[in-house]
Amino acid sequence: MIALVDCNNFYCSCERVFNPLLRDKPVVVLSNNDGCVVARSNEVKAMGIKMGTPLYQIRNILEANNVAVFSSNYNLYGDMSRRVMMLLSEFTPELTQYSIDEAFLDLSGFGEGEKLVSYGRKIVKTIGKGTGIPVTMGIAPTKTLAKVASRYGKKYKGYGGVCIIDTEDKRIKALQGFEIGEVWGIGHRSLDKLRYYGINTALDFTQKSESFVRKLLTITGVRTWKELRGESCIDVEELPQKKSICTSRSFPDSGLSELSSLEEAVANFTSECVRKLRMQHSCCTEITVFAYTSRFRLDLPQHCINRTIHLQVPTNDLQELVSTAVRALRMDFRKEGGYLYKKAGVIAWNIVPDSAIQTNLFDTIDREKQSRLAAAIDAINRKNGHNTIKVAVQGTTGKSWHLKCEHISKQYTTNLDDVIIVK
DNA sequence: TCTGGGGTCCTAGGACCC
DNA sequence: TCTGGGGTCCTAGGACCC
């Protein structure tokens, strides 16, 4: 049996841990730039506010209902996630973290039926007590069914945080009351197609033939279909190495028009990609820079920059990648035309381990020297903080492109100055 | 006025090989 | 007039996830 552990309203719950007065109050957490709603407490869900709603559309409702509003605080959420995962790993040797707030646990060998449920309740209780984060567990023979079970666990308090689908009877009942669009793996495109054929519930879907599903939704649809029928076939693996690394941001207000501001932003995004590359001990062979105007502002002139540069030798060198990215930006940047770039980003791909670099006969860079320099910079930054030493084009103020985050909470668990004082 | 960020996987079609 | 067969690899775009 497989268990899915899912933190309830994770970002909101993190804020509540350090602000207990909010425990029964409505809470929302916003995306970067305070743009959209990305997490809602149950009270806010009950108000009918949808995931992804832009803040400006619901500002009045939030104020009228006294909703606590937070900018996203990823240092806090990341650290709380680490704590949850650490506690979970004490209950089974087979744990796969699936996202910041979810993990799959292999519970084979831990009994069945009531015994399994009570083990699950013990896990849920331990996480709640140890971190302050409420979690729900769904248990079933497949991952997709475990997801279904956890939804029921969240919906009905009576389950005590753990819902199990372990008999054919329960499976049929669960799928009968489950909208097909809510199933893990069925997005809005597939939903449209399924609706056309009158398929509304997960049970309807499982009663179609394999060839029908294959034709309509390809192999991925068939996997979901099998999983819902109880045949396990989706593997979620801990990815040893990322295949692409991206850092991108939207800019506040209307966006940026000056090349120098964009250069500074792109340089910093590249620096962040380099940090991620080095953290997983890899190099990239290709780097893409993109920047575009707001797709919502059809009244303004539109332009899209998207330039990829292929590197001779795989690298994770800060100076080399920053100068390459800035060069890519300059190739496509348009000064004339009054373009306001609203979003930009950098993607590193073609990623290889840093231990297996294929060198190039015509390479002109002294890589030995560069890597000694990079190691020295790493050491200084590790000791004095990220970006203590950086490339000049990264700038020193960041004013022109920095994010809006007017409602951010403190770094309660990652900054000594912000640790809560108990009186 | 104001609309997030970071990933993976699959498929079709083109280019190329012998 | 009439132009093969069987592959691989790469890429862009689509779909999905949280």
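Quick caveat, the model's predicted, so the values are computed rather than measured. Each chain gets a letter, A, B and so on, in the order the sequences are listed, and its residues count up from 1.
Atom P of C:dC18 sits at a distance of 25 Å from the matching atom of B:dT3, rounded to the whole Å.
A:Arg278 pairs with exactly one of A:Asp378, A:Asp354, A:Asp317 by the salt bridge (charged side-chain N to carboxylate O under 4.0 Å, His left out) rule, that one being A:Asp378. Partner of A:Val37 under the side chain to side chain contact (heavy atoms under 4.5 Å, CB included) criterion, out of A:Leu55, A:Ile58, A:Val67, A:Val29: A:Ile58 alone. For the ring-ring contact (aromatic ring centres under 6.0 Å, His included) test with A:Tyr77, the passing option among A:Phe18, A:Tyr11, A:Tyr412 is A:Tyr11; the others fail.
The number of heavy atoms from other shown groups lying within 6.0 Å of CD (A:Gln57) is above 12. Other residues, nucleotides and ligands contribute over 12 non-hydrogen atoms within 6.0 Å of the NZ atom of A:Lys390.
In this structure the side chain of A:Ile133 never reaches within 4.5 angstrom of the side chain of A:Asp101, judged on heavy atoms.
Each of A:Ser244 and A:Val38 lies near DNA chain B, and the nucleotide nearest A:Val38 is the one positioned closer to the 5' end.
Scanning all heavy atoms of the two residues, the minimum distance from A:Ser41 to A:Asn9 falls at CA-ND2, 3.8 Å. The minimum heavy-atom distance between A:Val124 and A:Val135, with the atom names listed, is CG1-O, 3.4 Å. Closest approach of A:Glu227 to A:Cys233, counting heavy atoms only: OE2-N, 2.8 Å. Shown here for A:Ser250 and A:Lys343, the closest heavy-atom pair between the two residues is OG-CD, 3.8 Å. Contact detail for A:Leu95 and A:Met85: the closest heavy-atom pair is CD1-O, 4.4 Å. The minimum heavy-atom distance linking A:Ser72 with A:Ser31 is given by the pair OG-C, 3.7 Å.
Going from atom NZ of A:Lys404 over to atom P of B:dG5 covers 13 Å, rounded to whole Å. Atom CG in A:Leu403 sits roughly 7 Å away from atom P in B:dG5 (whole-Å rounding). Taking atom CZ on A:Arg275 and atom P on B:dG6, their separation rounds to 11 Å, with Å as the unit. A:Asn33 has its CG atom 10 Å from the C1' atom of B:dT3, to the nearest Å. Residue A:Lys147 contributes atom NZ, which lies 7 Å from atom C1' of C:dC18 at whole-angstrom precision. Spacing between atom NE2 of A:His407 and atom C1' of B:dG4 amounts to 15 Å, rounded to whole angstrom units. Remark: P of B:dG4 and CG of A:Leu30 are 12 Å apart, rounded to the nearest angstrom. If you take NZ of A:Lys242 and P of B:dG6, they are 10 Å apart, rounded to a whole angstrom.
With salt bridges taken as basic N to acidic carboxylate O contacts below 4.0 Å, one links A:Glu43 and A:Arg16. A salt bridge links A:Glu320 with A:Arg367; the closest basic N to acidic carboxylate O contact falls under 4.0 Å.
The closest side-chain donor-acceptor pair between A:Glu258 and A:Ser260, if any, does not fall under 3.5 angstrom.
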Does the pair A:Glu231 and A:Arg223 meet the rule for a salt bridge (charged side-chain N to carboxylate O under 4.0 Å, His left out), with working shown?
-> CA-CA 9 Å; A:Glu231 183 187 336; A:Arg223 284 189 198 130; over 6 Å; no

Should A:His407 and A:Phe70 be marked as a ring-ring contact (aromatic ring centres under 6.0 Å, His included) after you check the CA-CA gap, both sets of side-chain angles, and the distance that decides it?
-> CA-CA 5 Å; A:His407 314 282; A:Phe70 289 93; 8.4 Å; no

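Taking the side chain of A:Ser248 as heavy atoms from C-beta on, and the options C:dC18, B:dG5, B:dG4, the nearest nucleotide is B:dG5. Closest to the side chain of A:Ile245, out of B:dC9, B:dG7, B:dC2, is B:dG7.
Among the protein residues, A:Val29 comes within range of no part of the nucleic acid, since none of its heavy atoms lies under 4.0 Å from any strand. Residue-level contact check: A:Asn32 touches the backbone only, with heavy atoms under 4.0 Å from sugar-phosphate atoms and none from bases.
Of the residues in residues 96-106 of chain A, those with a non-hydrogen atom less than 4.0 angstrom from any atom of DNA chain C are A:Tyr98, A:Ser99, A:Asp101, A:Glu102. Taking every heavy atom of residues 212-232 of chain A and every atom of DNA chain C, no pair lies under 4.0 Å. Using a 4.0 Å cut-off on heavy atoms, none of the residues of residues 292-306 of chain A approach DNA chain C. Contacts of residues 42-74 of chain A with DNA chain B (heavy atom under 4.0 Å): A:Pro54, A:Tyr56.
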The dot-bracket string of DNA chain B, counting Watson-Crick and G-U wobble pairs with both distances under 3.5 Å, using [ ] for crossing pairs and | for pairs to another strand, is ....||||||||||||||

If you restrict it to nitrogen or oxygen atoms, what contacts under 3.5 Å exist between nucleotides 11-15 of chain C and the protein, and what is each distance?
from   : atom 1 : to       : atom 2 : distance (Å)
C:dA15 : OP2    : A:Arg189 : NE     : 3.3

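For A:Trp401 and A:Phe269, the gap between ring centers is short of 6.0 Å.
No side-chain donor-acceptor contact under 3.5 Å links A:Asn306 to the backbone of A:Phe290.
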